[in-house]
Amino acid sequence: YNGTTVTRNNVSMPNGGFGIYMNVNQNPNGTRNLIANNMVYVGGTQSVTSYGLYDNNSTNTDYLYNSFNMANTGVNSIAFNYQYHTGCYDYLKNNIAVNSGPGQVLYLYNYNTTLKGINYNNWYGKGTQLGTYNGTIYNSLTAWKTGSNKDSNSISVLPYFYGLNDLHVLNPKLNAAATPVSLIGDDYDKQIRNTSTPDIGADEFTPASVDAGVNAFENPIGNFCAGTKNITVTLTNFGLTTLTSTTINWTVNGTTQTAY
């Protein structure tokens with residue numbers, strides 16, 4: 001790689017904006033851009049249209065093992081925007097892109113046959129539309145795969161990031177789900193990647209055999225009147241072993257309650 005290289009960055013933009021911005025970054029044949037092992041968080045409100053990645057009319061560019069967390073509340077904010085590309089054999093592999101807001105996860109538009117390798121990614125969104133491919137909107141990964149003829153081995157799972165801007169992951173479904181890239185031998189933390197079954201995203205990790213945790217507090221929420229309330233939480237298995245039982249310990253205002 002002897003073009004633009006952007007690797008191992010932690011980009012945090014809590015008020016919105018463009019996480020990684022590439023505009024008309026064009027290389028002659030034989031030189032390439034590399035964007036790899038980055039963690040990018042973009043927050044903010046709908047007043048600022050935002051992108052985790054915005055790449056317009058670049059050439060010969062490879063996006064490999066990146067993690068994008070888009071949490072902007074705007075419907076037009078997109079986690080992964082890639083448009084108007086020409087050149088030779090662009091690759092989008094082993095990336096995570098999440099949009100927890102109402103906007104799309106990815107937007108791919110108006111390029112020729114240059115996008116040769118888009119696969120082994122994790123595209124996950126909470127909105128009604130997963131993404132746009134050359135002007136057509138797709139609401140699910142299954143529909144995306146059929147309509148675009150891309151991403152045959154890609155998945156759509158919540159990665160369970162450590163935090164908004166700490167994009168290390170817990171979901172074991174990302175483990176060993178990527179494809180090897182010979183020129184990328186380590187991850188964001190310079191940990192060695194598995195040479196045959198690496199992990200999707202910027203973080204190469206080894207899931208624990210047994211690991212359960214409360215992922216969400218479902219009820220009660222908000223303000224409520226005094227009295228007895230049922231407590232409901234979502235328990236998630238972050239480990240590799242199928243759980244048959246577990247114990248939830250909990251407290252109220254510092255007072256230990258009966259374990260469940």
Side-chain angles (χ1 to χ4, degrees), residues 1-13 16-42 44 46 48-70 72 74-99 101 103-123 125 127 129-138 141 144-145 147-151 154 181 183-184 201-202:
Y1 288 93
N2 46 10
T4 298
T5 299
V6 181
T7 59
R8 293 196 184 92
N9 294 282
N10 188 301
V11 180
S12 182
M13 305 189 68
F18 292 21
I20 294 178
Y21 180 84
M22 298 273 286
N23 188 44
V24 199
N25 194 331
Q26 299 187 343
N27 295 319
N29 290 337
T31 62
R32 303 191 63 77
N33 301 319
L34 173 64
I35 317 298
N37 283 331
N38 297 288
M39 296 185 177
V40 179
Y41 158 65
V42 180
Q46 60 185 352
V48 181
T49 298
S50 300
Y51 301 91
L53 164 75
Y54 182 91
D55 190 327
N56 176 65
N57 198 20
S58 298
T59 61
N60 306 329
T61 302
D62 297 336
Y63 287 94
L64 306 169
Y65 294 113
N66 298 286
S67 296
F68 297 91
N69 184 22
M70 170 58 67
N72 187 278
V75 70
N76 294 318
S77 293
I78 299 171
F80 198 101
N81 184 90
Y82 178 96
Q83 62 186 25
Y84 298 104
H85 271 242
T86 60
C88 297
Y89 305 103
D90 294 352
Y91 289 93
L92 279 62
K93 289 186 176 182
N94 304 337
N95 301 286
I96 294 174
V98 171
N99 195 336
Q104 295 184 354
V105 178
L106 67 164
Y107 181 91
L108 307 183
Y109 186 72
N110 198 22
Y111 50 82
N112 54 27
T113 59
T114 64
L115 190 57
K116 295 296 185 181
I118 172 171
N119 208 354
Y120 296 94
N121 299 292
N122 179 47
W123 310 123
Q129 300 174 354
L130 179 75
T132 296
Y133 181 86
N134 279 350
T136 300
I137 295 173
Y138 297 98
L141 181 61
W144 172 273
K145 290 180 178 182
S148 68
N149 198 30
K150 306 290 184 184
D151 279 307
S154 295
V181 178
L183 293 177
I184 309 296

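Keep in mind the model is a prediction, meaning the values are calculated, not measured.
If you take CG on Leu108 and OG1 on Thr136, they are separated by 12.0 Å, rounding to the nearest 0.5 Å. Gln83 contributes atom CD, which lies 8.5 Å from atom CD1 of Ile78 (distance to the nearest 0.5 angstrom). Atom OG1 of Thr61 is separated from atom CG of Asn33 by 4.0 Å, given to the nearest 0.5 angstrom. Separation of atoms NZ (Lys145) and CG (Leu130) is listed at 10.5 Å; rounding is to 0.5 Å. Annotation: the span from Tyr138 atom OH to Tyr133 atom OH amounts to 8.0 Å, rounded to 0.5 Å. The OG atom of Ser154 sits 11.5 Å away from atom CD1 of Ile96, with the distance rounded to the nearest 0.5 Å.
Between Tyr63 and the choices Phe68, Phe80, Tyr91, the ring pair (Phe, Tyr, Trp, His ring centres under 6.0 Å) rule is met once, by Phe80. Of the candidates Asn121, Asn38, Asn9, Asn38 is the only one forming a side chain to side chain donor-acceptor pair (under 3.5 Å) with Asn66.
The local environment of CG in Asn149 is sparse, with at most 12 non-hydrogen atoms from other residues, nucleotides or ligands closer than 6.0 Å.
Nearest heavy-atom pair across Asn99 and Ala79 is ND2-N, 4.2 Å. The two residues Ser77 and Asn72 make their nearest non-hydrogen contact at OG-OD1, 2.9 Å. The two residues Asn60 and Asp90 make their nearest non-hydrogen contact at N-OD1, 3.1 Å. When every heavy atom of Met70 is checked against every heavy atom of Gly52, the shortest pair comes out as CE-N, 3.3 Å. Between Gly17 and Val48, the shortest heavy-atom contact is N-CG1, 3.9 Å.
No side-chain donor-acceptor contact under 3.5 Å links Asp55 to the backbone of Tyr82. In this structure a side-chain-to-backbone donor-acceptor pair under 3.5 Å is present from Gln104 to Thr132. Using modelled atom types, no side-chain atom of Asp62 and backbone atom of Arg32 make a donor-acceptor pair closer than 3.5 Å.
The side-chain heavy atoms of Asn23 and Asn57, taken from C-beta on, include no pair separated by under 4.5 Å. Side-chain atoms of Ser67 and Asn95, non-hydrogen and from C-beta on, never get closer than 4.5 Å to each other. Annotation: side chain of Met22 is in contact with side chain of Ile35 (closest heavy-atom distance under 4.5 Å). Side chains of Asn94 and Leu64 form no contact here, defined as non-hydrogen atoms less than 4.5 Å apart. Using a 4.5 Å cut-off on side-chain heavy atoms (C-beta onward), Leu34 and Leu183 make no contact. Side-chain contact between Asn37 and Ile184 is present, with heavy atoms from C-beta onward closer than 4.5 Å. Inter-residue side-chain proximity for Asn81 and Phe18 is flagged as unmet; no heavy-atom pair is nearer than 4.5 Å.
For Tyr107 and Tyr51, the gap between ring centers reaches or exceeds 6.0 Å.
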